[in-house]
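Report on the structure given below.
In what follows, residues are counted from 1 in the order of the sequence shown. Atoms considered below: every heavy atom in the structure, side chains included; atoms not considered: hydrogens, waters and symmetry mates.
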Amino acid sequence: KGVVLAMSLLLLFTGLILLPSISLVGIILFVFSLFMAFIIALAINLFIGSITFWTTEASHLQNVASHVIRVFSGTMIPVSLFPGSLKTLTLFSPFPAMGFLPATLIQNPVWEHDIYLSFLSSVFWAATLLPLSLLIWKLGLKHHEAVGI
C-alpha cells in the first residue's frame, strides 16, 4: 500500500506541475472531492466488512465491489465514454466520486452538467452511506459471537 500511495502522490504532483491552468478554487474543490471520495470509499468498505458478521467469507464480495468500483468510478473506462442513459445512471451512483469527479475537477475550470451531477451525488452518497454503514456495523457487533482461545 505504501508503494501505491507514493506512486499516486508522485503522479498527482507531476500532473499538477504539468497542468496548464489551475485556480485556487479548483484546488479547493479537488481537495473537497478527495475528502468525499474518502468518505464514500470508507463507507463502502465498512459496509462490506460488516457483512462478515453474518457470513463466514466476504473476500469474494470485496472482489466484486472492487471491480464494480473500478469500472463505474471512471478509473478503468472514463465515464464520459458511457452511452447516454448508462452515463446518467452512473453519475447518480456513488462510484464516480472516487475517480471521475476529482480528475475532472482538477482538469476542467468550467463546470458542466456532468460535474454538477457528480458533485451533488457525491455529497448525497457520503451523507447517506456513512451513517448506514455505521448502523450495519453496530448491528453486526451485537450479532457477533466470538469463539476461541
Closest non-hydrogen atom pair, [X] against [Y]:
X	Y	value
Val79	Gly74	CG2-CA, 3.8 Å
Ser50	Trp137	OG-CE3, 3.3 Å
Ala97	Ser118	N-OG, 4.4 Å

Side chain to side chain donor-acceptor pair (under 3.5 Å) partners for [X], two or more places apart:
X	answer
Ser80	none
Thr128	none
Ser73	Thr75

Salt bridge (charged side-chain N to carboxylate O under 4.0 Å, His left out) with Lys87: which residues, sequence neighbours excluded?
Asp114

Strictly by side-chain hydrogen bond (donor to acceptor under 3.5 Å, both in side chains), give each pair with a member in residues 36-48 just once, sequence neighbours left out.
Asn45-Gln62

Sort and list the pairs that fulfil side-chain hydrogen bond (donor to acceptor under 3.5 Å, both in side chains) and have at least one residue in residues 2-16, not counting sequence neighbours.
none

So do Leu91 and Phe72 actually touch side chain to side chain, heavy atoms under 4.5 Å?
no

Is there side-chain contact between Phe100 and Pro78, with at least one heavy-atom pair below 4.5 Å?
no

Hits for ring-ring contact (aromatic ring centres under 6.0 Å, His included) against Phe119, two or more places apart or cross-chain, chain-then-number order -> Phe32, Trp111

Distance, nearest 0.5 Å, that separates [atom1] of [X] from [atom2] of [Y]:
X	Y	atom1	atom2	answer
Leu46	Leu132	CG	CG	9.5 Å
Ile48	Leu61	CD1	CG	5.0 Å
Met36	Leu34	CE	CG	10.5 Å

Would you say Thr88's side chain and Gly84's backbone share a donor-acceptor pair under 3.5 angstrom?
yes

Please check this pair: side chain of Ser33 against backbone of Phe30, looking for a donor-acceptor N/O pair closer than 3.5 Å.
yes

Could you pull out all residues at least two apart from [X] that satisfy side chain to side chain contact (heavy atoms under 4.5 Å, CB included)?
X	result
Phe47	Ile51, Ser133, Ile136
Leu129	Ile40, Ala43, Ile44, Pro94, Trp125
Ile28	Leu24
Ser93	Thr90, Phe95, Pro96

Give me each pair satisfying salt bridge (charged side-chain N to carboxylate O under 4.0 Å, His left out) with a member in residues 37-48, each pair once, sequence neighbours excluded.
none

Flag yes if more than 12 heavy atoms outside Phe53 fall under 6.0 Å of its CZ atom; otherwise flag no.
yes

